[in-house]
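Note that ligands are numbered from 1 as they come in the structure, with each ligand's atoms numbered from 1 the same way.
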Amino acid sequence: MSTITKDIRYIGVNDHEIDLFEGMYIVPEGMAYNSYVILDEKTAVMDTADRHFVGEWLGNLKAALEGRKPDYLVVHHMEPDHSSGIEAFAEEYPEAKIVATAKAFTMMKNFTGKDFAERAVVAKEGDRLELGSHTLTFITAPMVHWPEVMMTYDSTDKVLFSADAFGKFGALDAEDEEGWACEARRYYFGIVGKYGAQVQAVLKKAAALDIQIICPLHGPVLNEDLPYYLDLYNTWSAYGVETEGVAVFYTSVYGHTKQAVELLVKQLEEKGCPKVAVTDLARDDMAEAVEDAFRYGRVILATTTYNAEVFPFMREFIEHLTERNFKGRKIGLIENGSWAPTAAKVMKGMLEGCKDLTFTETTVKILSAVSAENEKEIAQLADEILA
Ligand code: FEO
């Protein structure tokens with residue numbers, strides 16, 4: 001338990017047992033499920049925890065309450081990594097009210113079989129809850145990350161309880177040598193990348209508030225340099241370019257496509273490209289690849305033809321991009337095929353529905369191994385992607 005402000009305590013838990021977060025994302029540094037308590041004339045608990053940690057979380061809550069009883073449980077998000085303690089809380093504290101959006105109560109019924117009707121406080125956009133000296137205002141945030149999500153603004157301590165927004169991978173007791181943005185970006189694009197428009201809508205509402213502290217459901221409490229975090233969220237949700245450079249994504253079966261990539265990287269570096277980020281889609285973390293595609297404005301896709309189609313890891317990667325509304329990038333393609341190359345055509349076709357993509361004029365077509373002609377094309381591609 002730690003103190004966030006005079007009246008707000010942290011009561012979340014760290015998870016170092018998890019193998020895949022949300023069944024998909026590796027989290028080598030674990031995960032934190034954050035929860036908070038506001039201690040005022042009335043007490044409000046903000047969210048619960050993952051099912052494996054409900055006992056630990058209830059213990060943290062009890063310690064923070066120091067013998068008091070909670071008056072409210074505010075449920076910002078019904079995904080089970082935060083909502084699994086609702087039933088246990090309701091049993092332990094039968095007099096406490098539960099505050100959530102109408103959609104969240106529907107989900108509560110679906111998850112637990114109970115709608116808690118006798119103690120439900122249905123929150124709508126702009127509704128207020130007075131705790132004494134603290135006034136909470138509820139801000140709906142649909143699709144950040146599920147439709148029932150809301151955030152809470154405490155105008156007394158100027159705290160935004162931001163639900164999944166501003167979260168990151170990693171337990172809070174793990175070292176974070178790479179800095180917040182690295183795992184926050186992978187988290188953002190993996191989990192809410194599709195919903196940039198909805199994140200933008202919430203950021204607009206947040207811009208009208210005086211926010212000094214952000215308390216997310218994952219990752220550290222943010223209490224300094226807030227413009228840095230807000231600016232990054234604005235860039236990410238607007239599908240803007242965060243970092244100048246070129247992101248290169250490839251697959252290679254016998255090393256020839258990889259050789260073309262290496263030649264291209266050398267060309268890009270010689271031509272002064274500030275950063276070249278290379279990903280082997282068969283071996284590197286797919287979620288890291290996805291965040292890099294959204295981080296840089298210039299993207300190279302290099303892959304082999306496979307079953308008259310495109311190599312499976314490249315197909316999966318492009319699907320991750322298109323389902324997250326990938327847009328506004330410059331793309332260059334390298335294909336390889338020993339008898340009938342189709343990869344470039346297939347990749348272009350897969351990206352057809354994306355808005356504001358431009359393609360380089362040159363597409364490198366390798367027929368098995370990199371030829372002298374390919375080397376010239378690669379130099380040309382480097383010029384065009386940087387132009
Ligand atoms: Fe952290 Fe969308 O749950």
Side-chain angles (χ1 to χ4, degrees), residues 10-36 45-54 56-57 60 73-87 89 98-101 103-108 110-112 123 138-152 160-172 174 176 180 183-199 201-203 214-222 229 233 236-237 287 290-291 320 323-324:
Y10 178 85
I11 57 162
V13 296
N14 288 310
D15 182 355
H16 288 285
E17 306 301 315
I18 187 169
D19 63 340
L20 291 176
F21 179 68
E22 291 190 0
M24 186 174 3
Y25 300 99
I26 56 162
V27 280
E29 299 302 332
M31 201 64 197
Y33 312 114
N34 296 341
S35 172
Y36 308 88
V45 182
M46 315 307 259
D47 298 294
T48 70
D50 179 84
R51 69 193 167 102
H52 299 102
F53 299 89
V54 169
E56 184 182 338
W57 169 77
N60 293 348
L73 171 65
V74 179
V75 176
H76 293 101
H77 182 17
M78 275 304 296
E79 195 163 10
D81 51 335
H82 312 292
S83 67
S84 293
I86 293 174
E87 278 183 288
F89 173 92
I98 298 175
V99 185
T101 60
K103 276 201 176 75
F105 281 111
T106 304
M107 289 184 178
M108 239 175 266
N110 293 341
F111 272 115
T112 68
F138 302 117
I139 301 160
T140 54
M143 301 321 295
V144 188
H145 143 229
W146 280 11
E148 85 295 2
V149 170
M150 68 172 187
M151 300 181 183
T152 294
L160 180 70
F161 295 92
S162 61
D164 273 343
F166 300 97
K168 72 183 274 293
F169 295 125
L172 297 188
D176 183 9
W180 182 86
E183 284 292 67
R185 188 189 302 105
R186 188 167 72 97
Y187 174 89
Y188 173 84
F189 283 110
I191 288 165
V192 276
K194 179 181 176 64
Y195 301 108
Q198 288 85 345
V199 175
V202 173
L203 288 176
I214 296 176
C215 289
L217 284 174
H218 303 287
V221 169
L222 307 174
Y229 303 104
Y233 251 64
W236 296 343
S237 55
V290 170
E291 65 159 293
H320 280 300
E323 73 191 23
R324 287 170 174 76

Pairs under 3.5 angstrom only: tabulate donor-acceptor contacts from the side chains of residues 24-32 to other protein residues two or more places apart or in another chain.
unit_1 : atom_1 : unit_2 : atom_2 : d
Y25    : OH     : G190   : O      : 2.8
Y25    : OH     : R324   : NH2    : 3.3

Margin query: Show every side-chain hydrogen bond (donor to acceptor under 3.5 Å, both in side chains) that has at least one partner inside residues 188-198, sequence neighbours left out.
Written below: none

Note to self: Which label fits F169 and F21: parallel for a plane angle under 30°, tilted from 30 to 60°, or perpendicular past 60°?
What the structure shows: perpendicular

Next item on the list: For E148, enumerate each residue passing the salt bridge (Lys or Arg N to Asp or Glu O under 4.0 Å) test, keeping only those at least two apart in sequence or located in another chain.
Entry: none

Check: Aromatic rings H145 and H77: how do their planes relate, parallel, tilted or perpendicular, breaks at 30° and 60°?
Finding: perpendicular

Notebook entry, point to check: Excluding waters, which protein N, O or S atoms are within less than 2.8 Å of atom 1 (Fe) of ligand 1?
Noted result: D81 OD2, H82 NE2, D164 OD1, H218 NE2

Margin query: Taking atom CD as the centre, does E323 end up with more than 12 heavy-atom neighbours from other residues, nucleotides or ligands that are less than 6.0 angstrom away?
Written below: yes

